[in-house]
Amino acid sequence: MDLVYDFLVKSPPYILELQKANRQNPTVAEEILWRVLRGGNLEGVRFLRQKAFGRYIVDFYCSSAKLVIELDGTVHDTHDAQTYDAIRTETLEAQGLQILRFRNEMILEQLPEVIKKIKEIIRPQPVQQ
């Protein structure tokens with residue numbers, strides 16, 4: 001089995017437990033965005049929430065667009081968290097995934113702009129000639 005496959009599929013048991021706990025206890029921002037994304041509500045595209053990729057868990061994932069959406073609260077403001085997020089983003093991007101990050105406040109205060117940005121990724125506009 002190749003390393004990319006192992007990275008994307010195999011998650012240690014503690015990650016799977018954390019994934020389950022995260023699904024059961026979403027933040028307010030996650031709950032709001034999930035209402036928009038769930039069940040193909042956005043452009044008919046399927047999203048998963050709290051998806052495990054190896055030792056990482058992403059907030060939302062769309063496999064057809066290879067898109068990861070991360071919501072960041074104040075816990076992401078520390079130097080250590082920012083360093084971890086940068087490494088995590090680099091690792092996920094190396095697997096061909098695109099990462100969109102939004103502050104929780106954006107979900108709460110500017111949801112239409114967030115949705116517009118997500119739509120731009122999952123439904124690219126045709127190139128004009």
**Student:** How long is the span from the NZ atom in Lys119 to the CD1 atom in Ile115, to the nearest 0.5 Å?
**Tutor:**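 With rounding to 0.5 Å, NZ (Lys119) is 7.0 Å from CD1 (Ile115).
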
**Student:** Do Asp72 and Arg103 meet the salt-bridge criterion of a basic N to acidic O distance under 4.0 Å?
**Tutor:**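 So Arg103 does not pair with Asp72 through a salt bridge.
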
**Student:** To the nearest 0.5 Å, tell me how far Ile15 CD1 sits from Gln19 CD.
**Tutor:** 9.0 Å

**Student:** Indicate the atoms forming the closest heavy-atom contact of Gly54 with Ser11, along with that distance.
**Tutor:** O-OG, 2.8 Å

**Student:** Following the transitive rule for hydrophobic clusters with a side-chain heavy-atom cut-off under 4.5 Å over Ile, Leu, Val, Met, Phe, Trp and Tyr, establish whether Phe60 and Leu108 coincide in one cluster.
**Tutor:** yes

**Student:** For the atom pair CD (Gln98) and SG (Cys62), what is the distance rounded to the nearest 0.5 Å?
**Tutor:** 10.5 Å

**Student:** For residues 29-46, dump all side-chain donor-acceptor pairs below 3.5 Å to protein atoms at least two apart in sequence or in another chain.
**Tutor:**
{"unit_1": "Glu30", "atom_1": "OE1", "unit_2": "Thr27", "atom_2": "N", "d": "3.0"}
{"unit_1": "Glu30", "atom_1": "OE2", "unit_2": "Gln50", "atom_2": "NE2", "d": "3.4"}
{"unit_1": "Asn41", "atom_1": "ND2", "unit_2": "Arg35", "atom_2": "O", "d": "3.2"}
{"unit_1": "Asn41", "atom_1": "ND2", "unit_2": "Arg38", "atom_2": "O", "d": "3.0"}
{"unit_1": "Glu43", "atom_1": "OE1", "unit_2": "Arg123", "atom_2": "NE", "d": "3.3"}

**Student:** Tell me, please, which residues at least two apart from Arg49 pass salt bridge (charged side-chain N to carboxylate O under 4.0 Å, His left out).
**Tutor:**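 Not a single residue meets the salt bridge (charged side-chain N to carboxylate O under 4.0 Å, His left out) criterion with Arg49.
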
**Student:** Which distance, rounded to the nearest 0.5 Å, do you find between the CG of Leu111 and the CD of Glu113?
**Tutor:**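 Nearest 0.5 Å value for the CG-CD distance: 8.5 Å.
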
**Student:** Just how far is it from atom OG1 of Thr83 to atom CZ of Arg88, taken to the nearest 0.5 Å?
**Tutor:**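 Going from the OG1 atom of Thr83 to the CZ atom of Arg88 covers 14.0 Å.
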
**Student:** Going by heavy atoms in the side chains, are Glu93 and Leu97 under 4.5 Å from each other?
**Tutor:** no

**Student:** Would you check, one step at a time, whether the test side-chain contact (heavy atoms from CB on, under 4.5 Å) holds for Val68 with Leu100?
**Tutor:** CA-CA 6 Å; Val68 168; Leu100 277 181; over 6 Å; no

**Student:** Within this structure, what is the CD-CG distance for the pair Glu70 and Leu92, rounded to the nearest 0.5 Å?
**Tutor:**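 So the CD of Glu70 and the CG of Leu92 are separated by 7.5 Å.
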
**Student:** Is there a side-chain contact (heavy atoms from CB on, under 4.5 Å) between Phe47 and Asp59? Walk through the geometry before answering.
**Tutor:** CA-CA 10 Å; Phe47 280 86; Asp59 291 329; over 6 Å; no

**Student:** Looking at residues at least two apart in the chain, or sitting in another chain, which of them share a ring pair (Phe, Tyr, Trp, His ring centres under 6.0 Å) with Tyr61?
**Tutor:** Phe53

**Student:** Quick check: is Val28 connected to Phe102 through a chain of hydrophobic side chains (ILVMFWY, heavy atoms under 4.5 Å apart)?
**Tutor:**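 Linked within one cluster.
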
